[in-house]
Amino acid sequence: MQPVLKVEALSKQFQLYEQGKLIPSCADVHLEVQAGALTALIGPTGAGKSSVLKCIHRTYLPTSGRMLYRDRDNHVTDLALASEHRILELRHSDIGFVTQFLHCLPRKAALDVVAEPLLARGEGAGGARERAAELLALLNVPERLWGVPPATFSGGEKQRVNLARGLIARPRLLLLDEPTASLDPATTGRVVDLIERIKAEGVAMLAIFHQPELVNRLADRVVELTPPVAATELLETCTS
Ligand SMILES: Nc1ncnc2c1ncn2[C@@H]1O[C@H](COP(=O)(O)OP(=O)(O)OP(=O)(O)O)[C@@H](O)[C@H]1O
Ligand SMILES: [Mg+2]
């Protein structure tokens with residue numbers, strides 16, 4: 001079976017012009033993600049794990065490498081070269097991202113924040129809200145908070161809303177950045193069950209985990225990143 005995503009020699013560097021430095025954030029990353037399977041991305045803090053997901057989601061534009069995404073029609077798009085329009089289209093219909101932190105949408109109730117991806121796909125408001133309520137309940141978000149905007153929520157509560165929003169729709173490719181980082185053991189267990197269910201439905205997943213037991217339980221492949229070499233001086237670029 002052809003992979004849904006194939007990443008080849010992906011690297012990202014940041015140029016800090018004021019300090020004349022190049023900060024490498026990930027270097028020469030190779031990985032594959034198959035439908036109905038989970039590839040785990042592991043490695044120490046600063047190894048570039050989140051940067052890889054951000055490049056795939058095109059929050060960051062990679063410095064070099066290819067990120068080949070195969071869609072339903074077997075058409076392959078290099079996400080590194082795709083137009084902004086194509087990227088927005090893929091984010092809408094194909095590629096989901098549960099980030100490490102919730103970038104909060106102001107003045108919208110938690111229930112609507114979670115239901116939004118289903119509404120955006122044209123599902124009816126009643127059904128979308130019902131599904132959102134089920135997920136918030138499953139993730140142990142107290143019902144009294146469902147009508148409140150998540151801006152004032154605790155870190156763990158925000159993470160649960162973020163997770164519910166990412167897991168509600170079934171994208172073809174789901175990127176998960178430490179999805180259980182701030183959850184208690186009981187909720188972590190529920191999220192693990194949910195990830196297994198989503199995998200069985202055929203979703204391709206690329207997920208960052210720090211806990212080896214979660215990697216053992218959920219991963220079909222493991223890719224280990226090592227921190228890139230230390231910052232190098234920018235040569236002529238900054239001085240000329
Ligand atoms: N926007 C940015 N500007 C400058 N440097 C960045 C940026 N984003 C990431 N980096 C650098 O890239 C390196 C990798 O960061 P990244 O967040 O990808 O690590 P990580 O493996 O996800 O770490 P953690 O396990 O702590 O989440 C870090 O040294 C970081 O400082
Ligand atoms: Mg990270």
Side-chain angles (χ1 to χ4, degrees), residues 5-33 38-67 69 79-80 84 87 91 95-104 154-167 171 173-184 187-188 191-192 195 204-219 221-235 237-238:
L5 178 74
K6 186 169 182 162
V7 170
E8 297 174 340
L10 174 69
S11 298
K12 173 68 183 168
Q13 298 176 339
F14 291 93
Q15 296 200 348
L16 302 185
Y17 287 102
E18 282 170 14
Q19 292 156 39
K21 294 262 200 286
L22 272 181
I23 308 283
S25 74
C26 63
D28 199 28
V29 176
H30 294 257
L31 61 86
E32 281 187 16
V33 194
L38 186 144
T39 299
L41 208 50
I42 61 168
T45 281
K49 305 177 298 296
S50 295
S51 298
V52 170
L53 296 198
K54 286 176 186 170
C55 285
I56 295 166
H57 199 245
R58 269 278 294 274
T59 315
Y60 292 166
L61 195 60
T63 309
S64 59
R66 302 204 298 169
M67 306 183 291
Y69 175 73
L79 301 172
E84 291 293 315
I87 292 293
R91 284 183 189 173
I95 303 178
F97 189 10
V98 177
T99 53
Q100 216 167 349
F101 308 101
L102 175 69
H103 302 292
C104 225
S154 74
E157 288 162 353
K158 277 187 190 161
Q159 175 68 2
R160 286 160 203 239
V161 171
N162 204 22
L163 204 50
R165 180 183 160 90
L167 299 179
L173 172 65
L174 183 56
L175 310 170
L176 298 166
D177 196 342
E178 300 194 38
T180 57
S182 55
L183 302 180
D184 54 69
T187 314
T188 298
V191 170
V192 168
I195 289 175
M205 282 184 268
L206 177 60
I208 298 171
F209 293 111
H210 275 292
Q211 306 95 313
E213 63 278 12
L214 294 185
V215 175
N216 288 339
R217 169 127 179 235
L218 291 170
R221 287 162 190 255
V222 180
V223 175
E224 182 163 9
L225 300 191
T226 45
V229 284
T232 43
E233 297 296 318
L234 251 183
L235 297 175
T237 333
C238 289

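Order of listing sets the numbers, starting from 1, for every ligand and every atom in it. Everything numeric here is computed off the predicted structure, so don't read it as measured data.
Residues satisfying the side-chain contact (heavy atoms from CB on, under 4.5 Å) criterion with Ala9, sequence neighbours excluded, are Asp28, His30.
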Query - side-chain contact (heavy atoms from CB on, under 4.5 Å) assessment of Arg160 paired with Leu163 - result: CA-CA 5 Å; Arg160 286 160 203 239; Leu163 204 50; 5.5 Å; no
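Ligand 1 is surrounded by Phe14, Ser25, Pro44, Thr45, Gly46, Ala47, Gly48, Lys49, Ser50, Ser51, Tyr60, Gln100, Glu178, His210, each with at least one heavy atom closer than 4.0 Å.
Looking at Thr188, its side chain does come within 3.5 Å of a backbone N or O of Asp184 through a donor-acceptor pair. In this structure, Arg91 contributes its side chain and His57 its backbone to a donor-acceptor pair below 3.5 Å. Within the 3.5 Å criterion, the main-chain N or O of Leu225 finds no donor-acceptor partner in the side chain of Lys49. Lys12 places a side-chain N or O within 3.5 Å of a backbone atom of Leu61 that can act as its donor or acceptor partner.
When distances to the Mg ion (ligand 2) are checked against a cut-off of 2.8 Å, Thr45 contributes no N, O or S atom below that limit.
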